[in-house]
Amino acid sequence: MNSIKVYYTSVSGSREVKQRQEEVIRILDAYKVQYELIDISISLKVLQEMRMKVSTPKALPPQIFNGEDYCGDFEMFHKAKENKEILKFLKME
């Protein structure tokens, strides 16, 4: 089974980004999903890697993957949560 990876930033001036990251982590914890946090603030290379993987030059965290498979961004995650389809969103079904 692939591992869930969440690209996030430990350094953000945006309250919205922080709140979104916290919500993703809170929901994953509630579902008892194991995940790996990848901090894009540690190097420009990691930020560029995340943006390349999602094919969006200005993508912001959080971005969620199952292994190398892109699951989506916060908006898609939130929609899946509202529809009670988190495991489907994470490609774990």
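In this text the structure is predicted, and so the values were computed from the model without any measurement. For the numbers below, each heavy atom of this structure counts, side chains included, while hydrogens, waters and symmetry mates do not.
Between P61 and M50, the shortest heavy-atom distance links the atoms N-CE, 4.3 Å. Annotation for Y70 and I64: closest pair CD1-O, 3.6 Å, computed over non-hydrogen atoms. Taking every heavy atom of both residues into account, Q63 and L60 meet most closely at NE2-O, 2.8 Å. In plain terms, the two heavy atoms of E36 and S3 that are nearest each other are OE1-OG, 4.2 Å.
Residues L47 and V17 do not share a hydrophobic cluster, clusters being chains of Ile/Leu/Val/Met/Phe/Trp/Tyr side chains in contact below 4.5 Å. Hydrophobic clustering (side-chain heavy atoms under 4.5 Å, transitive across Ile, Leu, Val, Met, Phe, Trp, Tyr) groups I25 together with L90. The same ILVMFWY cluster, assembled from side-chain heavy atoms under 4.5 Å apart, contains both L44 and I42. When hydrophobic clusters are built by joining Ile, Leu, Val, Met, Phe, Trp and Tyr residues whose side-chain heavy atoms come closer than 4.5 Å, directly or via intermediates, M92 is grouped together with F77. One hydrophobic cluster holds both L28 and Y8 under the rule that ILVMFWY side chains link at heavy-atom gaps under 4.5 Å.
With rounding to the nearest 0.5 angstrom, the CD atom of E22 is 11.0 Å from the CZ atom of R15. Note that the SG atom of C71 and the NZ atom of K91 stand 5.5 Å from one another [nearest 0.5 Å]. Between the CG atom in D29 and the CD atom in Q34 there is a gap of 11.0 Å [rounded to 0.5 Å]. Atom-to-atom distance recorded for K53:NZ and E49:CD is 4.5 Å, nearest 0.5 angstrom.
The only option from F65, Y35, F74 that meets the ring-ring contact (aromatic ring centres under 6.0 Å, His included) definition with Y7 turns out to be F65. If you run side chain to side chain contact (heavy atoms under 4.5 Å, CB included) between K5 and each of N66, D69, I38, only I38 comes through.
Put simply, the side chain of S41 never gets that close to the backbone of D39: no donor and acceptor are under 3.5 Å apart. Side-chain N or O atoms of Q21 include one that pairs as donor or acceptor with a backbone N or O of T9 at under 3.5 Å.
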I'd like to know whether Q48 forms a side-chain contact (heavy atoms from CB on, under 4.5 Å) with M52, so could you lay out the CA-CA distance, the side-chain angles of the two residues, the decisive distance to 0.1 Å, and finally the verdict.
CA-CA 6 Å; Q48 290 170 334; M52 185 187 74; over 6 Å; no
With side-chain contact (heavy atoms from CB on, under 4.5 Å) as the criterion, how do I27 and V33 come out once you've worked through the C-alpha distance, each side chain's angles and the decisive distance to 0.1 Å?
CA-CA 9 Å; I27 300 299; V33 171; over 6 Å; no
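Residues E75 and R20 are paired through a salt bridge, judged by an N-O separation under 4.0 Å between the basic side chain and the carboxylate. Between K79 and E85 there is no salt bridge, since no side-chain nitrogen of the basic residue lies less than 4.0 Å from a carboxylate oxygen of the acidic one.
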